[in-house]
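First comes the structure, then the notes that go with it.
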Amino acid sequence: MGKQFSSILPEHKEFIQRQHMFFVGSAPLSKTGHVNLSPKGYDSFRILSDHEVAYLDLSGSGNETSAHLIENGRVTIMFCAFEGEPSVLRLYGTGTVVLPDTERWNELYPLFDPLPGARQIIVIDVHMVQDSCGFAVPFMTFTSEREKLKDVCIQMGEKGIKKYAYEKNLESIDGLPTAFALNKSSMN
């Protein structure tokens with residue numbers, strides 16, 4: 001049976017910092033809308049306080065989380081232990097999207113190692129932490145990060161990435177607007 005906590009405890013923080021990847025879950029309000037579950041890698045996750053976390057979101061083919069957060073704010077982060085003792089840790093909260101060239105971006109971005117293709121930062125106000133056994137999660141050994149996304153983003157360049165975001169990441173697959181759609185003026 002999972003245990004619930006009202007904040008991120010030191011043992012949760014230590015567990016999170018050992019993980020090589022995490023998953024982001026979000027959904028639109030419409031019952032016919034598509035639930036999104038997205039794996040994230042690289043060193044892109046930061047714990048800002050006992051109740052606030054953030055991750056550096058990189059360019060990709062979709063931008064579902066941004067659209068869902070704008071519509072309803074609901075988001076869940078999940079970490080799984082693929083090595084060592086079994087455990088699953090979920091952070092439930094309300095998220096916001098922080099775009100480049102904003103005051104909040106300038107405050108948060110220095111907390112991350114620069115990664116090619118950084119398109120936005122997702123900040124989450126965590127209202128509940130839940131841990132569970134993870135007994136059925138398989139063992140998997142981390143070998144290395146994939147370099148493909150970094151290579152593609154370097155090849156595209158900063159202007160190419162921005163252009164891609166404002167052409168391909170304006171709405172969710174259900175037609176909900178993303179932060180880029182609501183902030184087209186920052187394209188220039």
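Heavy atoms only: backbone and side chains are in, while hydrogens, waters and symmetry mates are out. Positions are given from 1, in the same order as the sequence printed here.
A salt bridge does not link Arg104 with Asp101: none of the charged nitrogens is closer than 4.0 Å to a carboxylate oxygen. Under the 4.0 Å criterion applied to side-chain N and carboxylate O atoms, Asp57 and Arg119 are assigned as salt-bridge partners. Using a cut-off of 4.0 Å between Lys/Arg side-chain N and Asp/Glu carboxylate O, Glu158 and Lys162 are scored as not salt-bridged.
With hydrogens and angles ignored, the 3.5 Å screen pairs no side-chain donor or acceptor of Asn183 with any backbone N or O of Ala179. Remark: side-chain polar atoms of Ser59 are paired, donor with acceptor, to backbone N or O of Gly117 under 3.5 angstrom. Under the 3.5 Å distance criterion, the side-chain polar atoms of Asp113 are left unmatched by any main-chain donor or acceptor of Asp43. Between the Gln130 side chain and the Gly2 main chain, no donor and acceptor come within less than 3.5 Å of each other. Here the side chain of Ser30 pairs a donor or acceptor atom with the backbone of Thr32 at under 3.5 angstrom. Counting only distance, with no hydrogens or angles, the side chain of Gln4 and the backbone of Val129 share no donor-acceptor pair below 3.5 Å.
With contacts defined as side-chain heavy-atom distances shorter than 4.5 Å, the pair Phe45/Phe79 qualifies. Pro116 has its side chain within reach of Lys150: a pair of non-hydrogen atoms, C-beta onward, lies under 4.5 Å apart. Counting heavy atoms from C-beta on, the side chains of Val24 and Lys40 come closer than 4.5 Å. With a 4.5 Å cut-off on side-chain heavy atoms, Phe82 and Met21 count as touching. Using a 4.5 Å heavy-atom threshold, the side chains of Val123 and Leu108 count as touching.
Of all heavy-atom pairs spanning Tyr164 and Ser61, the tightest one is OH-CA, 3.6 Å. Scanning all heavy atoms of the two residues, the minimum distance from Met140 to Glu83 falls at O-CG, 3.2 Å. Heavy atoms only, all atoms of each residue included: Ile8 and Ser49 are closest at CD1-O, 3.9 Å. Nearest heavy atom pair, residue Pro110 against residue Trp105, reads CD-O, 4.1 Å. Looking at every heavy atom in both residues, Val137 comes nearest to Cys80 through CG1-CB, 4.2 Å. Of all heavy-atom pairs between Phe112 and Ile121, the closest is CE1-CD1, 4.1 Å.
Rounded to the nearest 0.5 Å, atoms CG (Leu91) and CD (Glu52) are 12.5 Å apart. Here Arg74 contributes atom CZ and Thr65 contributes atom OG1; the two are 12.5 Å apart, rounded to the nearest 0.5 Å. Residue Gln19 holds its CD atom at 11.5 Å from CZ of Phe142, rounded to the nearest 0.5 Å. Rounding to the nearest 0.5 Å gives a distance of 6.5 Å between CG of Leu48 and CG of Leu111. Between the NE2 atom of His34 and the CG atom of Asp174 there is a distance of 5.5 Å, given to the nearest 0.5 Å. In this structure, Phe15 CZ and Ser87 OG are separated by 4.0 Å, a value rounded to the nearest 0.5 Å.
Side-chain heavy atoms closer than 4.5 Å link hydrophobic residues (I, L, V, M, F, W, Y) into clusters, and following such links, even through other members, never connects Leu56 to Ile16. Following chains of ILVMFWY side-chain contacts shorter than 4.5 Å, one cannot reach Met78 starting from Leu69, and the two form parts of different hydrophobic clusters. Residues Val98 and Tyr109 share a hydrophobic cluster, clusters being chains of Ile/Leu/Val/Met/Phe/Trp/Tyr side chains in contact below 4.5 Å. Residues Ile122 and Leu176 do not share a hydrophobic cluster, defined by chaining ILVMFWY side chains whose heavy atoms lie under 4.5 Å apart. Phe180 and Met156 sit in two unconnected hydrophobic clusters of ILVMFWY residues. Membership requires side-chain heavy atoms under 4.5 Å apart, directly or through other members.
Applying the 6.0 Å contact sphere to CD of Glu147 captures more than 12 heavy atoms from other residues, nucleotides or ligands. Around the CZ atom of Arg18, the shell of radius 6.0 Å holds more than 12 heavy atoms that belong to other residues, nucleotides or ligands. Within 6.0 Å of atom CD in Glu103, 12 or fewer heavy atoms from other residues, nucleotides or ligands are found, so the atom counts as exposed in its surroundings.
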Step-by-step side-chain contact (heavy atoms from CB on, under 4.5 Å) determination, Val88 to Asp131: CA-CA 6 Å; Val88 173; Asp131 69 6; over 6 Å; no
Check against side-chain contact (heavy atoms from CB on, under 4.5 Å), Gln120 and Ser66: CA-CA 9 Å; Gln120 58 201 1; Ser66 175; 3.9 Å; yes
Verdict with supporting geometry, Leu89 and His12, side-chain contact (heavy atoms from CB on, under 4.5 Å): CA-CA 8 Å; Leu89 185 74; His12 300 145; 3.7 Å; yes
From CA spacing to verdict: side-chain contact (heavy atoms from CB on, under 4.5 Å), His51, Asp125: CA-CA 6 Å; His51 291 279; Asp125 179 26; 4.3 Å; yes
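Ring pair Phe22/Tyr55: centre-to-centre distance below 6.0 Å.
Between His127 and Tyr92, the ring planes lie tilted relative to each other; the angle falls in the 30° to 60° range.
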